[in-house]
Amino acid sequence: MNVQHSDRVNVLLVDDRPENLVALEAILNKPYYNLVKATSGAQALKCLLNQDFAVILLDVQMPGMDRFETATLIRSRDRSRSTPIIFITAFSSNDTHVFKGYSLGAVDYLFKPLEPSILTSKVQVFVELFQKTVEVKRQATELAAVNHELSKSEERFRTLCACSPLGIYLADVAGRCTYMNPRCEAISGLILEESLASAWQRWVHPEDRDRVVADWLAWIKEGQEYSKEFRLVDNEETVRWINLQSSPMFSDLGKPIGHVGTVIDVTERKQAESERGRLIREQVARQEAERANQMKD
């Protein structure tokens, strides 16, 4: 198993006797462990300043700063407060020191002589827990970054929509409007709540309503692109022509997720076309009248 140094998990071994450290190192000789050795409580605390450890194996019979003082200081620091500590002792399991160790945050006791299989299995449990915790933190960091970027993208989208000269709207798969930019509200004369309630259909000109609603429902059912021009009438009987276009949206897996569309006020163009039509009709009528008069003459 080829393990990069950066992928190895730190395990702290604390014992004042080098031969004991060598014995622990021999038992825990795994390529994915980075065994860090300390011969005193002070040295162990120094190691904990700059590194994170999956577990600490702490001998309870060290001179100088005793094991309980060391455990207390480990627990007092934010970085190592949750690091599991396994006490190693030659004392009887009935000794009061055992209970004091648990009160100071020890997660387990191992009694000498050490059983290699028990030691390795206990350490492995905490190593796997540490690895899972690191992975969860990594995923949480990535998720936070993705959410932050998504939030920025949504903000850019809404800013662009708010400033757009076109009316822009979003609809769900059933055709219910879920978003309207200010220009869309101004053109249609509707607000988002009215669109959600399908009140927009009542604002379609009575002469266009049946055709527009039928086309809209058929388009929603088929999931095709939609492009129509029709009239809206507000409470003041003001008639506006709009050009409405919409396209279906799909997920990366090809599943329909809604619709996006634009609304343009084409009243002036329609009025100009109507005026041109009227002038053409008048011109044709005059020409026909002149021909009729010429025939009489």
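Keep in mind that this is a model prediction, so the values were computed, not measured. These numbers come from the heavy atoms of this one structure, side chains and all, not from hydrogens, waters or symmetry mates.
Side chain of Arg240 to backbone of Val233: no donor-acceptor contact under 3.5 angstrom is found. The backbone N or O of Ile168 lies less than 3.5 Å from no partner atom in the side chain of Thr262, so there is not a single donor-acceptor pair. Without hydrogens or angle criteria, Arg231 side chain to Trp241 main chain gives no donor-acceptor distance under 3.5 Å. Proximity of a side-chain donor or acceptor of Ser164 to a complementary backbone N or O of Leu160 within less than 3.5 Å is not detected. No donor-acceptor pair under 3.5 Å is formed between the side chain of Arg8 and the backbone N or O of Tyr32. Between the side chain of Ser40 and the backbone N or O of Gln43 there is at least one donor-acceptor pair closer than 3.5 Å.
A salt bridge links Glu135 and Arg138; the closest N-O separation between the charged side-chain nitrogens and carboxylate oxygens is under 4.0 Å. Classification of Glu128 and Lys132 as a salt-bridged pair fails, no side-chain N sitting under 4.0 Å from a carboxylate O. Taking the charged nitrogens against the carboxylate oxygens, Glu229 and Arg269 do have a contact shorter than 4.0 Å, which makes a salt bridge.
To the nearest 0.5 Å, atoms SG (Cys163) and CG (Asn181) are separated by 9.5 Å. Here CG of Leu279 is found 9.5 Å from OG of Ser274. Values are rounded to the nearest 0.5 Å. Distance check: Ser246 OG to His259 NE2 gives 6.5 Å after rounding to the nearest 0.5 Å. Taking CD1 of Ile86 as the start and CG of Leu12 as the end, the distance is 12.0 Å to the nearest 0.5 Å. In this structure, CD1 in Ile280 is found 11.0 Å from CD in Glu282, a value given to the nearest 0.5 Å.
Within a 6.0 Å radius of CZ in Arg77, more than 12 heavy atoms belonging to other residues, nucleotides or ligands are found. Atom NZ of Lys270 is surrounded by more than 12 heavy atoms from other residues, nucleotides or ligands within 6.0 Å. Within a 6.0 Å sphere centred on CD of Glu268, heavy atoms belonging to other residues, nucleotides or ligands number 12 at most.
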- Query: Going through the checks in order, is the side-chain contact (heavy atoms from CB on, under 4.5 Å) test met by Leu45 and Ile74?
  - Reply: CA-CA 7 Å; Leu45 293 171; Ile74 289 173; 3.8 Å; yes

- Message: Asp208 vs Arg211, test: side-chain contact (heavy atoms from CB on, under 4.5 Å). Steps then yes/no.
- Response: CA-CA 6 Å; Asp208 300 340; Arg211 171 181 59 85; 3.7 Å; yes

- Yes or no on side-chain contact (heavy atoms from CB on, under 4.5 Å) for Ile242 and Ile264, after CA distance, side-chain angles and deciding distance? CA-CA 6 Å; Ile242 65 167; Ile264 304 174; over 6 Å; no

- Task: Walk me through it: do Lys228 and Val212 pass the test side-chain contact (heavy atoms from CB on, under 4.5 Å)?
- Result: CA-CA 8 Å; Lys228 295 292 180 181; Val212 169; 5.9 Å; no

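Hydrophobic clustering keeps Leu48 apart from Leu129 (ILVMFWY residues linked when any side-chain heavy atoms are closer than 4.5 Å, directly or through intermediates). In the hydrophobic clustering of ILVMFWY residues, with side-chain heavy atoms under 4.5 Å counting as a link, Leu166 and Leu244 come out apart. Note on Leu110: it clusters hydrophobically with Val127, by side-chain heavy-atom contacts below 4.5 Å among ILVMFWY residues. Tyr179 is not connected to Phe250 by any chain of hydrophobic side-chain contacts under 4.5 Å among Ile, Leu, Val, Met, Phe, Trp and Tyr, and they are in different clusters. Hydrophobic clustering of Ile, Leu, Val, Met, Phe, Trp and Tyr side chains at less than 4.5 Å, counting indirect connections, unites Val9 with Ile27.
No side-chain heavy atom of Gln131 sits less than 4.5 Å from a side-chain heavy atom of Phe126. The side-chain heavy atoms of Lys37 and Glu25, taken from C-beta on, include a pair separated by under 4.5 Å. Asn10 has its side chain out of reach of Phe130: every pair of non-hydrogen atoms, C-beta onward, lies at least 4.5 Å apart. Residues Lys112 and Asn20 are in side-chain contact: their nearest non-hydrogen atoms beyond the backbone lie under 4.5 Å apart. Proximity of Leu28 to Leu57: side-chain heavy atoms (C-beta onward) are separated by under 4.5 Å at one or more points. Contact check for Leu21 versus Thr39: side-chain heavy atoms found under the 4.5 Å cut-off. At least one side-chain heavy atom of Phe53 sits less than 4.5 Å from a side-chain heavy atom of Cys47. Using a 4.5 Å heavy-atom threshold, the side chains of Arg209 and His205 count as separate.
When all heavy atoms of Val173 and Gly258 are compared, the closest pair comes out as CG1-N, 3.6 Å. Heavy-atom minimum distance, Asp52 versus Arg79: OD1-NE, 2.8 Å. Taking all atoms of both residues into account, the shortest heavy-atom contact from Ala54 to Pro84 is O-CD, 3.2 Å.
For the residue pair Gln271 / Glu275, no side-chain donor-acceptor distance below 3.5 Å is found, with atom types taken as modelled. No hydrogens or angles considered: nothing links the side chains of Tyr169 and Glu185 as a donor-acceptor pair under 3.5 Å. Neither side chain, Glu149 nor Asn147, offers a donor N or O lying under 3.5 Å from an acceptor on the other. Donor-acceptor pairing under 3.5 Å is lacking for the side chains of Arg75 and Thr72.
Of the residues listed (Val213, Asp210, Leu232), the one engaging Val204 in a side chain to side chain contact (heavy atoms under 4.5 Å, CB included) is Leu232, and it is the only one. Of the options Leu58, Asp15, Leu24, a side chain to side chain contact (heavy atoms under 4.5 Å, CB included) to Ile88 is made by Leu24 and by none of the others. Only one option out of Asn34, Leu35, Val36, Ile56 pairs with Val11 in a side chain to side chain contact (heavy atoms under 4.5 Å, CB included); it is Leu35.
Proximity of the aromatic rings of Trp216 and Tyr226 is defined here by a centroid distance below 6.0 angstrom, and this criterion is met.
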